[in-house]
Amino acid sequence: MAATAPFIAGNWKMHGLCAQLDQLRILADGLANHPSPARVAVCPPATLLAQAAHMLMGSRVELGGQDCHCEASGAFTGDISAEMLADTGARLVILGHSERRTLHGETDAMVSAKVVASLRARLEPIVCVGEHREDREAGRAAPVVEGQLAASLPDRLAGARFSVAYEPVWAIGSGVTPSSDEIADVHDAIRRVLRARFGEQGARVRILYGGSVKPDNAAEILRIAEVGGALVGGASLAAADFLEIIAAA
Ligand code: 13P
């Protein structure tokens with residue numbers, strides 16, 4: 001059971017130019033004026049991280065990247081290392097998002113190597129898993145997620161701070177969410193895997209739900225027993241919506 005305050009993280013994906021930094025200012029001001037017990041993070045595009053870190057200094061909003069390379073540096077044109085993210089002021093990184101897995105061919109083994117890299121750079125990983133619609137329809141949601149977890153979580157995570165995000169692929173950006181029972185079943189399965197693998201630590205790891213979380217469904221989703229927070233895409237882009245979700249936590 002998640003006894004700690006919920007963790008609400010925003011994933012801006014490939015959205016946001018400098019002008020969007022205003023939304024971070026509104027978010028930080030909103031949290032200052034209406035304190036929430038929730039832990040709050042935003043993962044903007046890497047191009048905005050350094051400016052965002054400067055702007056958010058002293059605020060409650062933590063920053064994260066959306067991916068990293070597994071090497072610290074090298075001839076990897078276009079890639080960004082965990083060390084580089086940390087150097088901007090980021091403290092977290094989303095790894096294994098389904099858009100990386102599907103559109104960039106990331107395997108569980110690659111995700112696991114990136115998690116090791118994030119720990120090397122002292123970034124806290126948010127490791128994403130989630131089934132495709134065909135898996136769900138075939139009744140294989142939990143086994144698919146269990147398999148992803150087994151291969152995406154390196155042993156190095158023992159003793160480290162990390163979160164897992166359950167994001168059913170078919171719920172991302174679709175406006176469709178699983179039922180509360182469906183979310184509860186997969187979160188329970190994730191908790192069992194985490195406990196078996198990491199013992200007491202595994203009992204405390206936050207398991208976030210992601211996929212079409214909006215102001216009007218956040219409270220219901222966040223009430224589910226093993227849901228320890230949310231990973232929010234589209235609704236994290238506008239500070240007003242994100243603040244409503246945080247208020248529901
Ligand atoms: P949406 O909230 O836009 O469905 O995106 C979820 C997601 O992919 C967060 O990582």
Side-chain angles (χ1 to χ4, degrees), residues 6-16 20 23-24 27 38-46 48-49 52 61-68 85 90-104 106 111 114-115 118 123-133 135-136 141 144-145 148-149 152 162-180 182-183 186-187 190 206-222 224 227-249:
F7 182 19
I8 311 294
N11 174 9
W12 281 14
K13 310 191 180 187
M14 199 173 75
H15 297 288
Q20 196 82 16
Q23 294 302 310
L24 290 181
L27 174 63
R39 180 181 178 199
V40 177
V42 176
C43 303
L48 295 181
L49 279 172
V61 183
E62 298 175 62
L63 278 175
Q66 301 174 9
D67 175 44
C68 70
L85 292 176
R91 294 290 169 261
L92 296 142
V93 61
I94 296 169
L95 294 172
H97 191 280
S98 69
E99 285 148 19
R100 302 291 317 171
R101 291 175 183 266
T102 307
L103 305 173
H104 295 266
E106 283 191 14
V111 175
K114 290 176 180 213
V115 173
S118 70
L123 292 177
E124 179 182 331
I126 301 171
V127 184
C128 302
V129 291
E131 83 284 359
H132 286 266
R133 184 181 296 282
D135 303 317
R136 162 71 54 189
V144 163
V145 165
Q148 288 175 326
L149 282 176
S152 303
F162 71 100
S163 308
V164 169
Y166 168 54
E167 301 204 303
V169 179
W170 51 276
I172 295 176
S174 63
V176 180
T177 54
S179 69
S180 293
E182 288 171 333
I183 295 175
V186 178
H187 278 241
I190 294 172
R206 281 196 185 87
I207 308 171
L208 316 184
Y209 168 79
S212 297
V213 176
K214 307 286 178 207
D216 60 3
N217 63 15
E220 186 181 343
I221 291 170
L222 290 167
I224 300 168
V227 172
L231 184 54
V232 185
S236 70
L237 294 171
D241 288 344
F242 199 44
L243 281 164
E244 271 194 65
I245 291 171
I246 293 164

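For ligands, and for the atoms within them, numbers begin at 1 and follow the listed sequence. Just so it is clear, the model here is predicted, and its values are computed rather than measured.
- The main-chain N or O of Lys114 is never found under 3.5 Å from a side-chain atom of Asp67 such that the two would form a donor-acceptor pair.
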What pairs of donor and acceptor atoms, side-chain ones from residues 162-171 against any protein atom, are under 3.5 angstrom apart with sequence neighbours left out?
residue, atom, partner, partner atom, Å
Tyr166, OH, Glu131, OE1, 2.8
Tyr166, OH, Glu131, OE2, 3.1
Tyr166, OH, Arg136, NH2, 3.1
Glu167, OE1, His97, NE2, 3.0
Trp170, NE1, Glu131, OE2, 2.9

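- Heavy-atom proximity to His97, at under 4.0 Å, picks out these atoms of ligand 1: 7 (C), 8 (O), 9 (C), 10 (O).
- Checked options Val93, Ile126, Val127; the residue passing with Val115 is Val127 (criterion: side chain to side chain contact (heavy atoms under 4.5 Å, CB included)).
- Taking a cutoff of 4.0 Å between a charged side-chain nitrogen and a carboxylate oxygen, Glu106 and Arg100 qualify as a salt bridge.
- From the protein, the heavy atom lying nearest to atom 4 (O) of ligand 1 is Gly173 N, 2.6 Å.
- In terms of protein heavy-atom proximity, atom 7 (C) of ligand 1 is closest to Glu167 OE2, 3.2 Å.
- Heavy atoms of Ser212 approach ligand 1 to within less than 4.0 angstrom.
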Between side-chain atoms of residues 242-249 and protein atoms elsewhere (two or more places apart, or another chain), which donor-acceptor pairs fall under 3.5 Å?
none

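- Residue Gly211 approaches ligand 1 through these ligand atoms, each under 4.0 Å from one of its heavy atoms: 4 (O), 6 (C).
- Looking at Val213, Leu208, Ile8 one by one, the single match for side chain to side chain contact (heavy atoms under 4.5 Å, CB included) with Leu222 turns out to be Ile8.
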Full working for side chain to side chain contact (heavy atoms under 4.5 Å, CB included) between Arg101 and Gln148: CA-CA 11 Å; Arg101 291 175 183 266; Gln148 288 175 326; 4.2 Å; yes
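- Nearest to atom 5 (O) of ligand 1 among the protein's heavy atoms is Lys13 NZ, 3.3 Å.
- Close approach of ligand 1 to Gly234 (heavy-atom distance below 4.0 Å) involves ligand atoms 1 (P), 2 (O), 3 (O).
- Counting only heavy atoms of the protein, atom 2 (O) of ligand 1 lies nearest to Gly233 N, 2.9 Å.
- Contacts between Leu231 and ligand 1 below 4.0 angstrom, taking non-hydrogen atoms only, involve backbone and side chain alike.
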